[in-house]
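Residue numbers start from 1 in every chain, and the chains themselves are labelled A, B, ... in the order their sequence lines are given, proteins ahead of strands. All values reported here derive from a predicted model rather than from experimental measurement.
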There are 2 protein chains.
Amino acid sequence: MSYVNLKVYSGDSLEELVEVLKIAIARRSLVIILGECRVDYEGRAASRLELGERVVIIKQDSALLVHRPHGYSPVNWQPSTAIIEVTFKPSVGLVLHAVRDRPREYLTVVFVRVGLVVIGELVDQGGFTMYLEERDMRDILAENPWIIEEDLRVLGVEKPIGEGYVDIYALDKSGRHVLVELKRITATREAALQLYRYVEVYRKEHGETPRGILIAPSFAPTALETLTRLGLEYRYVDLKRLWELFKKRESKRVSLQEFFTKK
Amino acid sequence: MSYVNLKVYSGDSLEELVEVLKIAIARRSLVIILGECRVDYEGRAASRLELGERVVIIKQDSALLVHRPHGYSPVNWQPSTAIIEVTFKPSVGLVLHAVRDRPREYLTVVFVRVGLVVIGELVDQGGFTMYLEERDMRDILAENPWIIEEDLRVLGVEKPIGEGYVDIYALDKSGRHVLVELKRITATREAALQLYRYVEVYRKEHGETPRGILIAPSFAPTALETLTRLGLEYRYVDLKRLWELFKKRESKRVSLQEFFTKK
DNA sequence: GCCTAGGTCCCGTGT
DNA sequence: ACACGGGGCCTAGGC
């Protein structure tokens, strides 16, 4: 059991806050600042954000996010490789510098007014599991290749082809090799071209033209055009059907796990 | 001039907080919650996040972010189309439901303990400008085609070729058409193939083979291999040089604008 | 270190 | 509404 450990600063002067923030950042605490600021960024691109009220979050690994009151995306940021400095410049304000190497990028946040600062050390060991990713789709199809077509024998998954990896590598009933590319969402022309590259590289390396099959729940018009033009095949897959199989598989696994741990 | 308008709740019971949050969300205030929670997501994919201390931000357009103490990305989220409900379930906790249509997605955050709630209305009208996007690179090169090569005459930008758009369409000094594809960052094989598609479509539509030039600050080995193999050209571009030209252009524009507004 | 590929990608633009 | 492509994409995995 853990307890959220927080300190809140409100109504302090910028000079006072600078000292507080320096300590917090040195300690790698989580910091949330609400206030009025400008932001400049320069690196792979460059940007300028004029004065306005925002939320700045500095995470415990020094990732920094500047959030406006609307929208999913931070307007400016620095990922967790950033080094962060806090300074107070009279007649300018409270200045945050976040610098990142590779790629070299500079972020400067200048607060002219701060309404609130929250500092804390969050304890978060909770496990995170994501389901129904492309990896899951691939595993289910590899375990149930009859969904793709009859008498398909799976030889491998994520097989290296040239510099990439084909999702499923198989042999059909006539003895021809099959390269399968999967998309969890609508397949685009890019996906068709990706598959085509694998087919071409395989052909050159093995002197044999494999079948190429793109599998997705739906296809963009350009994907269909490209597939047809390049002599590739495609199959619609019903995601709900796959997820049913997935659930069965998971419950089986859980049962087995329970069996062994309870023993 | 604006003032950050904030309320802070700390030490209140979950039942008390539910009422506060209901009002805040109805008013479309910004809400920040720090506390211990679990999160479930189901939609295009599905995920489960076990108990831990996190920061949840609900923005003024109902975007919702769940941030762990580390990393750039939210672990769970709902973009700004979300509808959010707050309820209190005895012996469970404070429950946030965020539902989104198209794609249909469900997010549930259950707080078992809340350390702090911040509610406010942020005022943020500050302009945001991004520089050195691909669009800027394209405009600078279109205005200064001598950077690409001598006596190049630009006929258009974003010219439709088949189903895509070539960045710059030009005529060289020998009267041959040129298709230019730009990349702001390291060009990959994908970029080379994209250019090749344009060249091929143009050839079929006009019965004339145009030159294809890929322009980027650097090239992946696979990009160079592909370019050579497909008979395409490439040029290195110095982003700093372009950046200088960009600044000049911007300052010229500003001067003109100042001239007209002052008149 | 680079490159390849996925992501609940998000987001803007165009049809 | 959907399709298409960019993004300071970020992040994970392989070599």
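Taking 4.0 angstrom as the limit, R197(B) places none of its side-chain polar atoms (N or O) nearer than this to OP1 or OP2 of dC4(D). At the phosphate of dC10(D), OP1 or OP2 sits under 4.0 Å from a side-chain N or O atom of R100(A). Contact annotation: K183(A) reaches the phosphate of dG6(C) (side-chain N/O to OP1 or OP2, under 4.0 Å). One finds a side-chain N or O of W77(A) lying less than 4.0 angstrom from the OP1 or OP2 phosphate oxygen of dC10(D). The phosphate of dC11(C) (OP1 or OP2) has a side-chain N or O of S73(A) nearer than 4.0 angstrom.
Atom-to-atom, CG of L195(A) to P of dA5(C) comes out at 12 Å; the value is rounded to the nearest Å. Distance CD (E190(B)) to P (dG6(C)): 10 Å, rounded to an integer number of Å. Straight-line distance from the NE2 atom of H67(B) to the P atom of dT11(D): 11 Å, rounded to whole Å. Summarising the geometry, the separation between CZ on R102(B) and P on dA1(D) is reported as 5 Å, rounded to the nearest angstrom. Computed from coordinates, the E158(A) CD to dC3(C) P distance equals 20 Å when rounded to whole Å. L239(B) places its CG atom 14 Å from the P atom of dG8(D), with the value rounded to the nearest Å. Going from atom OH of Y131(B) over to atom P of dG8(D) covers 14 Å, rounded to whole Å. In this structure, D167(A) places its CG atom 12 Å from C1' of dT4(C), rounding to the nearest Å.
Of the residues near DNA chain C, Q194(A) and S47(B), the one whose nearest nucleotide (by heavy atom distance) lies more toward the 5' end is Q194(A). Toward the 5′ end of DNA chain D lies the nearest nucleotide of T186(A), the other residue of the pair T186(A) and G71(B) mapping further downstream. Both T188(B) and A45(B) sit near DNA chain C, but only T188(B) has its closest nucleotide nearer the 5' end. Ranked by how close their nearest DNA chain D nucleotide is to the 5' end, P221(A) and R44(A) are led by P221(A).
Closest contact between the side chain of A220(A) and the listed nucleotides dC11(C), dC4(D), dG8(D) involves dC4(D). Counting only heavy atoms from C-beta on, T222(B) has its side chain closest to dC3(C) among dC10(C), dG6(D), dC3(C). When distances run from any side-chain atom of Y198(A) to the nucleotides dG8(D), dA5(C), dC3(C), the shortest one goes to dA5(C). In this structure, the nucleotide among dC3(C), dG7(C), dC10(D) sitting nearest to the side chain of E163(A) is dC3(C). Considering only side-chain atoms of L107(A), the nucleotide from dT8(C), dC4(D), dG8(D) that sits closest is dG8(D). The side chain of R189(B) lies closest to dT4(C), out of dC10(D), dT8(C), dT4(C). Of the candidate nucleotides dG6(D), dG1(C), dC9(D), dG6(D) has the atom lying nearest to any side-chain atom of E181(B).
R184(B) and E133(B) are not joined by a salt bridge, as no carboxylate oxygen comes within less than 4.0 angstrom of a charged side-chain nitrogen. Contact check on E200(B) versus R197(B) returns no salt bridge, with no Lys/Arg side-chain nitrogen under 4.0 Å from an Asp/Glu carboxylate oxygen. With respect to R68(A) and D124(B), a salt bridge is recorded, a charged nitrogen being found less than 4.0 Å from a carboxylate O.
For E133(A) against dG6(C), no side-chain N or O and base N or O form a donor-acceptor pair under 3.5 Å. Side-chain atoms of E105(A) and base atoms of dG8(D) include a donor and an acceptor less than 3.5 Å apart.
At a threshold of 4.0 angstrom between heavy atoms, the contacts of R135(B) with the nucleic acid are absent. Note on G164(A): only backbone sugar-phosphate atoms sit closer than 4.0 angstrom, heavy atoms only; bases stay farther off. P79(B) comes within contact range of the sugar-phosphate backbone alone, with a heavy-atom separation under 4.0 Å but no base atom that close. Residue contacts shown for V166(A) are absent, as no nucleic acid heavy atom lies under 4.0 Å away.
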Between N or O atoms, less than 3.5 Å apart, protein on one side and nucleotides 12-15 of chain D on the other: list the pairs.
| residue | atom | partner | partner atom | Å |
| --- | --- | --- | --- | --- |
| dG14(D) | O3' | Y165(A) | OH | 3.2 |

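Ring centroid separation for the pair Y106(A) and Y41(A) does not come in under the 6.0 Å cut-off. If you look at Y165(B) and Y198(B), their ring centroids are not closer than 6.0 Å.
T81(A) and D101(A) share no donor-acceptor pair across their side chains, judged by distance under 3.5 Å alone. A side-chain N or O of T186(A) and one of S218(A) form a donor-acceptor pair less than 3.5 Å apart.
Note: W243(B) and F246(B) have parallel aromatic rings, judged against thresholds of 30 and 60 degrees for the angle between ring planes. In this structure, Y169(A) and Y202(A) have tilted ring planes: the angle between them lies in the 30° to 60° band.
An aromatic stacking contact between Y72(B) and the base of dC10(D) is absent, as defined here by ring centres under 5.5 Å apart and ring planes under 30° from parallel.
Between K183(B) and P217(B), the shortest heavy-atom contact is O-CD, 3.2 Å.
dG8(D) makes up no base pair with any nucleotide shown, lacking Watson-Crick or G-U wobble contacts both under 3.5 Å.
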